[in-house]
Amino acid sequence: MAIDMKWFDEMEGRIPRGGVRTRFAPSPTGYMHVGNLRTALYTYLIARHAGGRFILRIEDTDQGRLVEDAVDVIYATMRRCGLTWDEGPDVGGPVGSYIQTERRDFYKKYAELLVEKGLAYYCFCDKAESAEDSGNFERAEDPCRALSKEEAEANVAAGRSYVIRQRIPEGTTTFHDAVYGDITVDNAELDDQILLKSDGLPTYNFANVVDDHLMGITHVVRGAEYLSSAPKYNLLYEAFGWEIPTYVHCSSVMINDPETGAVRKMSKRHGDPSYEDLVAQGYLSHAVVNYVALLGWAPHGDIAEQEFFTMDELIAAFDIAGISKSPSAFDMEKLNYFNANYLRGLSPEEFAREAEPWIRRTVKNEAYDAAAIAALLQARCERLSDIPEKVDFFDALPEYGADLYTNKKSKTNSEVSLEMLKQTAPVLSGLDDWSQDSIHGALVGLAEKLGVKNATLMWPLRIAAAGKAVTPGGAVEICRILGKDETLRRMELGMEKLNG
RNA sequence: GGCCCGGUGGUCAAGCGGCUAAGACACCGCCCUUUCACGGCGGUAACACGGGUUCGAUUCCCGUCCGGGUCACCA
């Protein structure tokens, strides 16, 4: 076979030079792992911090795992998280295509180049061929044998399926990682790695190296699970004579298994939440991004104690030196804390907009003002999904026991509560102005007149109005939203209950 | 199991030879208060272990233990 060196020269000529270029290269699985999101974020931040370019590349070389619309999930997730890319499948760029299956010819040519150089070889693997139908590619004991160039060409010409493997030389390989430092491994640990699969598509490792090179990637950011395959990359770069990029491996995101208590890598397969799951549970993207940024990275210097960051602040503060080597555990409690803060940081209007759909899950009665309910909720929920249960009493007064009327701190019991409700009913009934201030003023005035604590008067009223020991907002707020008629009706029910 | 990488409170973490070892979440008190929250104040809690090196180790080196990752025609 003839190698057209002019083609390679042309490819090399297209590679952008100068400036930082990073890439996020997910495979389209249909959802975004928390770990992946964090890797994407760090990758983005490294590029933006340096004023460089951030590239999105789709790694879809695994035909068996293709998921429909999965690429759209990636786009949507990254946009919602504020990770905008400068080059990618949809926006194009100087070194496209940005979808690996559309680059299959490139990989094949580069693999053949290595064969030509004597650094890789064809092999024909009967066992693999027979296993192809079942889709189960078991590792053969003696999978391949190197053939002479003539034999190989004859086989290829005869249409036999084949793979191309790289010859791994003897010795040791050392590579440098920006967070882990120098790592050396014995090449004996490495197998002759497959570059091109029998379906003509490249393996992940090979496609990565070829693409990162051709796309001019300067910083290869990825999860630490790839740390042990990194030496293979160097061997590939060396075989081609290419410049080795800066590696930035990020430790894994772990999770404490709620069932077993064991710590393990976070994964969708074990039922751990993905980004999409978190959003569905009522977490704000910015809260997730902020939290995840701090999971495995910490700011240095005079902002070492800062924990809330806007994206611009992250861009300014992010540095590779702050990335930690040890794996960190995803803590839902702390995410809750971040989310609660972001929720409170919203303007009342923004919060109401976010909250309304959740409020309306249990509050179907349009007479009850969603914005007013939202106002009570803003300081009281960590996740939007906490909302429906908290406001269910508006539509339907729960069945509740008379014991709820007894509260030590408010100095109430059944008798006291009944008396308070009896005193309160005519006062509220006579109120023309059903506003917050008006109701509050009337109640406080009555408490003073009766010589009781505000709480002693308010507690029974709130229980009668809501039928729950804990509610968002107090008696005044709830009555105000319920409206005068409904409030008085519920008070009647309460008094009946207390009369036994 | 081989190889690789880690190890500061329950969790996230600062620290980068000399500190009463930060801060945050969670937890526990107190204050505020119309319940609960929010907010404010305070508290409990950590350098895995054993050897070195050093005047001095959480910090450097070695071993042990523990944890994780990886050993695919998956990424």
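The basis for the numbers below is simple: all heavy atoms, side chains too, and nothing from hydrogens, waters or symmetry mates. Everything numeric here is computed off the predicted structure, so don't read it as measured data.
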*Asks:* Using the P atom as the reference point in each nucleotide, state the distance between B/C41 and B/G23 in Å, no decimals.
*Replies:*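 Per the computed distance, 13 Å lies between those P atoms.
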*Asks:* Going by the side-chain contact (heavy atoms from CB on, under 4.5 Å) test, name the single residue among A/Leu443, A/Leu428, A/Leu431 that passes it with A/Ser438.
*Replies:*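 Exactly one pass, corresponding to A/Leu431.
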*Asks:* For B/A46 versus B/U54, give the span between their P atoms, rounded off to a whole number of Å.
*Replies:*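 One P to the other, the span is 31 Å.
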*Asks:* Round to a whole Å and report the spacing from NZ of A/Lys411 to P of B/U35.
*Replies:*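 So the NZ-P distance, A/Lys411 to B/U35, works out to 14 Å.
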*Asks:* Does the side chain of A/Met78 reach to within under 4.5 Å of the side chain of A/Phe24, using non-hydrogen atoms?
*Replies:*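 When only atoms from C-beta onward are counted, A/Phe24 and A/Met78 do touch, with a gap below 4.5 Å.
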*Asks:* My understanding is that a pair needs two contacts under 3.5 Å, Watson-Crick or G-U wobble. By that rule, which nucleotide pairs with B/G1?
*Replies:*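 Pairing partner, where one exists within any strand: B/C71.
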*Asks:* If you look at every strand shown and take non-hydrogen atoms under 4.0 Å, does A/Lys265 touch a base, only sugar-phosphate, or nothing?
*Replies:*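 The residue A/Lys265 makes sugar-phosphate contact but no base contact.
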*Asks:* Each nucleotide N or O in nucleotides 2-8 of chain B that has a protein N or O under 3.5 Å away: list the pair and distance.
*Replies:*
{"unit_1": "B/G2", "atom_1": "O2'", "unit_2": "A/Glu189", "atom_2": "OE2", "d": "3.3"}
{"unit_1": "B/C3", "atom_1": "O4'", "unit_2": "A/Glu189", "atom_2": "OE1", "d": "3.4"}

*Asks:* A/Tyr226 near the nucleic acid: base, sugar-phosphate alone, or nothing, with a heavy-atom cut-off under 4.0 Å?
*Replies:*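 The residue A/Tyr226 makes base contact.
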*Asks:* What's A/Thr456 touching, base or sugar-phosphate or nothing? Going by heavy atoms closer than 4.0 Å.
*Replies:*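 Nothing: the residue A/Thr456, judged by heavy atoms under 4.0 Å, touches no strand.
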*Asks:* List the atom of A/Ala469, the atom of A/Ile463, and the distance in Å for their closest heavy-atom pair.
*Replies:*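 Shortest heavy-atom contact: CA-CD1, 4.2 Å.
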*Asks:* Respond yes when some side-chain nitrogen or oxygen of A/Ser229 is under 4.0 Å from OP1 or OP2 of B/C71, and no when none is.
*Replies:*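 Looking at the OP1 and OP2 atoms of B/C71, neither is under 4.0 Å from any side-chain N or O of A/Ser229.
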*Asks:* Are A/Lys232 and B/U70 close enough that a side-chain N or O sits under 4.0 Å from OP1 or OP2?
*Replies:*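 No, because none of the side-chain N or O atoms of A/Lys232 sits under 4.0 Å from OP1 or OP2 of B/U70.
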*Asks:* With rounding to the closest Å, how many angstrom separate the C1' atoms on B/G39 and B/G15?
*Replies:*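 Their C1' atoms lie roughly 31 Å apart.
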*Asks:* Scan A/Glu477 against the nucleic acid and name what it touches under 4.0 Å (heavy atoms): base, sugar-phosphate only, or nothing.
*Replies:*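 Base contact - A/Glu477 has a heavy atom under 4.0 Å of at least one base atom.
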*Asks:* Give the rounded distance in Å between these two atoms: CG of A/Asn339 and P of B/C38.
*Replies:*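 Those two atoms, CG and P, are 14 Å apart.
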*Asks:* Starting from C1' on B/C74, measure out to CG on A/Asp60 and report it in whole angstrom.
*Replies:*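 In whole Å, B/C74 C1' and A/Asp60 CG are 13 Å from each other.
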*Asks:* Using a 3.5 Å distance criterion without hydrogens, assess whether the side chain of A/Ser385 forms a donor-acceptor pair with backbone atoms of A/Gln281.
*Replies:*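 Yes.
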*Asks:* Would you kindly give the NZ-to-C1' distance between A/Lys468 and B/A37, to the nearest whole Å?
*Replies:*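 To the nearest whole Å, that distance equals 14 Å.
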*Asks:* When the C1' atoms of B/G6 and B/U64 are compared, how many Å lie between them, rounded to an integer?
*Replies:*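 Taking atom C1' in both B/U64 and B/G6, they lie 16 Å apart.
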*Asks:* Pick the P atom in B/C27 and in B/U70, then give their distance to the nearest Å.
*Replies:*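 About 34 Å, rounded to a whole number of Å.
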*Asks:* Round to a whole Å and report the spacing from OH of A/Tyr204 to C1' of B/U70.
*Replies:*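 Value for this atom pair: 13 Å.
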*Asks:* Reckon A/Ala298 touches a base, only the sugar-phosphate, or nothing at all at heavy-atom distances under 4.0 Å?
*Replies:*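 Sugar-phosphate contact only - A/Ala298 comes under 4.0 Å of backbone atoms but never of a base.
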*Asks:* What interatomic distance, in whole Å, is found between C1' of B/G68 and the corresponding atom of B/C32?
*Replies:*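 After rounding to an integer number of Å, I get 46 Å for this pair.
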*Asks:* With a 6.0 Å cut-off (strictly less than), is the heavy-atom count around CD of A/Glu448, excluding the residue itself, greater than 12?
*Replies:*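 No, the 6.0 Å shell around CD holds no more than 12 heavy atoms from other groups.
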*Asks:* Within the structure shown, what part of the strands sits under 4.0 Å from A/His249 by heavy-atom distance: base, sugar-phosphate, or nothing?
*Replies:*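 Result for A/His249 = nothing.
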*Asks:* Does A/Arg380 make a side-chain N or O approach to OP1 or OP2 of B/U35 shorter than 4.0 Å?
*Replies:*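 So the side chain of A/Arg380 is outside the cut-off, no N or O lying under 4.0 Å from OP1 or OP2 of B/U35.
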*Asks:* NA contact type, A/Thr29, heavy-atom cut-off 4.0 Å: base, sugar-phosphate, or nothing?
*Replies:*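 Nothing: the residue A/Thr29, judged by heavy atoms under 4.0 Å, touches no strand.
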*Asks:* Give one of base, sugar-phosphate or nothing for A/Gly473, where a contact means two heavy atoms less than 4.0 Å apart.
*Replies:*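 Base contact.
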*Asks:* Quote, to the nearest angstrom, the P distance that separates B/A48 from B/U59.
*Replies:*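 So the two P atoms sit 8 Å from each other.
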*Asks:* Using both distances under 3.5 Å as the test, list the Watson-Crick or G-U wobble partner of B/C30, or none.
*Replies:*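 Pairing partner: B/G40.
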*Asks:* Taking all non-hydrogen atoms of both residues into account, name the closest pair between A/Leu343 and A/Leu284 and its distance.
*Replies:*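 So the minimum-distance heavy-atom pair works out to CD1-CD2, 3.3 Å.
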*Asks:* Does B/G56 pair with anything, Watson-Crick or G-U wobble, both distances under 3.5 Å, and if so, with which nucleotide?
*Replies:*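 Matched B/G56 with nothing under the 3.5 Å cut-off.
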*Asks:* With no angle test and no hydrogens, is the base of B/U35 tied to the side chain of A/Arg462 by a donor-acceptor pair under 3.5 Å?
*Replies:*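 Indeed, a donor on one side and an acceptor on the other fall under 3.5 Å apart.
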*Asks:* Who does B/A45 pair with, Watson-Crick or G-U, both distances under 3.5 Å?
*Replies:*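 Result: none.
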*Asks:* Once you round it to whole Å, what is the distance between C1' of B/U35 and NZ of A/Lys408?
*Replies:*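 The distance from NZ of A/Lys408 to C1' of B/U35 comes to 17 Å, rounded to the nearest Å.
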*Asks:* Check every strand shown and say whether A/Ala304 touches a base, only sugar-phosphate, or nothing at a heavy-atom separation below 4.0 Å.
*Replies:*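 Nothing, no heavy atom under 4.0 Å.
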*Asks:* Can you check the A/Glu389 CD to B/A37 C1' distance for me, whole Å?
*Replies:*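 The answer, rounded to whole Å, is 14 Å.
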*Asks:* How does protein contact run along nucleotides 23-33 of chain B, one letter per nucleotide 5' to 3', with B for base contact, S for sugar-phosphate only, - for none, heavy atoms under 4.0 Å?
*Replies:* SBSS------B
*Asks:* Under 3.5 Å, is there a donor-acceptor pair between the side chain of A/Ser417 and the main chain of A/Tyr405?
*Replies:*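 Side chain of A/Ser417 to backbone of A/Tyr405, a donor-acceptor pair under 3.5 Å: yes, one is there.
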*Asks:* Whole-Å distance between B/U34 P and A/Leu461 CG?
*Replies:*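 Distance, rounded to whole Å: 14 Å.
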*Asks:* Going by heavy atoms in the side chains, are A/Asp192 and A/Gln166 under 4.5 Å from each other?
*Replies:*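 When only atoms from C-beta onward are counted, A/Gln166 and A/Asp192 do not touch, as no gap falls below 4.5 Å.
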*Asks:* With under 30° as parallel and over 60° as perpendicular, where do the rings of A/Tyr368 and A/Phe394 fit, or are they tilted in between?
*Replies:*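 A/Tyr368 and A/Phe394: tilted rings.
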*Asks:* Quick check on RNA chain B: between A/Asn208 and A/Ser410, whose nearest nucleotide comes earlier from the 5' end?
*Replies:*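 Comparing both residues, the 5'-ward one is A/Ser410.
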*Asks:* I'd like to know if A/Asp386 and A/Arg383 make a salt bridge, using a cut-off of under 4.0 Å between side-chain N and carboxylate O.
*Replies:*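 Salt bridge between A/Asp386 and A/Arg383, a charged N being under 4.0 Å from a carboxylate O: yes.
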*Asks:* Which part of the nucleic acid does A/Val444 contact within heavy-atom distance under 4.0 Å: base, sugar-phosphate only, or nothing?
*Replies:*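 Result for A/Val444 = nothing.
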*Asks:* For A/Trp297, which residues count as a ring-ring contact (aromatic ring centres under 6.0 Å, His included) partner, sequence neighbours excluded?
*Replies:*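 Partners of A/Trp297 by the ring-ring contact (aromatic ring centres under 6.0 Å, His included) criterion, ordered by chain and then number, come out as A/Phe318.
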*Asks:* Just call it for A/Arg264: base, sugar-phosphate, or nothing, with non-hydrogen atoms closer than 4.0 Å on any strand.
*Replies:*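 A/Arg264: no heavy atom of the nucleic acid under 4.0 Å.
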*Asks:* Under a 4.0 Å N-O cut-off, is there an ion pair linking A/Lys468 with A/Asp392?
*Replies:*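 Looking at A/Asp392 together with A/Lys468, the answer is yes, because their closest N to O distance falls below 4.0 Å.
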*Asks:* Between A/Pro26 and A/Cys381, which residue's closest nucleotide on RNA chain B lies nearer the 5′ terminus?
*Replies:*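 Mapping each residue to its closest nucleotide by heavy atoms, the 5'-most match is A/Cys381.
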*Asks:* With respect to A/Pro28, which candidate in A/Asp62, A/Val71, A/Ile99, A/Asp69 satisfies the side-chain contact (heavy atoms from CB on, under 4.5 Å) definition?
*Replies:*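 With A/Pro28 as partner, side-chain contact (heavy atoms from CB on, under 4.5 Å) holds for just one option, A/Val71.
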*Asks:* Measuring only the P atom in each nucleotide, how far is B/C49 from B/G9? A whole number of Å is fine.
*Replies:*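 Roughly 10 Å separates the two P atoms.
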*Asks:* Can you tell me the pairing partner of B/G23 across any strand shown, Watson-Crick or G-U wobble, with both distances under 3.5 angstrom?
*Replies:*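 The base-pairing partner of B/G23, which may sit in any strand shown, is B/C12.
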*Asks:* What does B/C65 pair with, Watson-Crick or G-U, if both distances are under 3.5 Å?
*Replies:*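 With both distances under 3.5 Å, B/C65 matches B/G7.
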*Asks:* Would one find a side-chain N or O of A/Ser328 under 4.0 angstrom from OP1 or OP2 of B/A13?
*Replies:*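 Yes, within the criterion.
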*Asks:* Less than 4.5 Å apart, any side-chain heavy atom of A/Asn336 and any of A/Tyr283?
*Replies:*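 Result yes, sub-4.5 Å side-chain heavy-atom pair found.
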*Asks:* Under 4.0 Å, heavy atoms only, any strand: does A/Thr471 hit a base, just the sugar-phosphate, or nothing?
*Replies:*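 It contacts base atoms.
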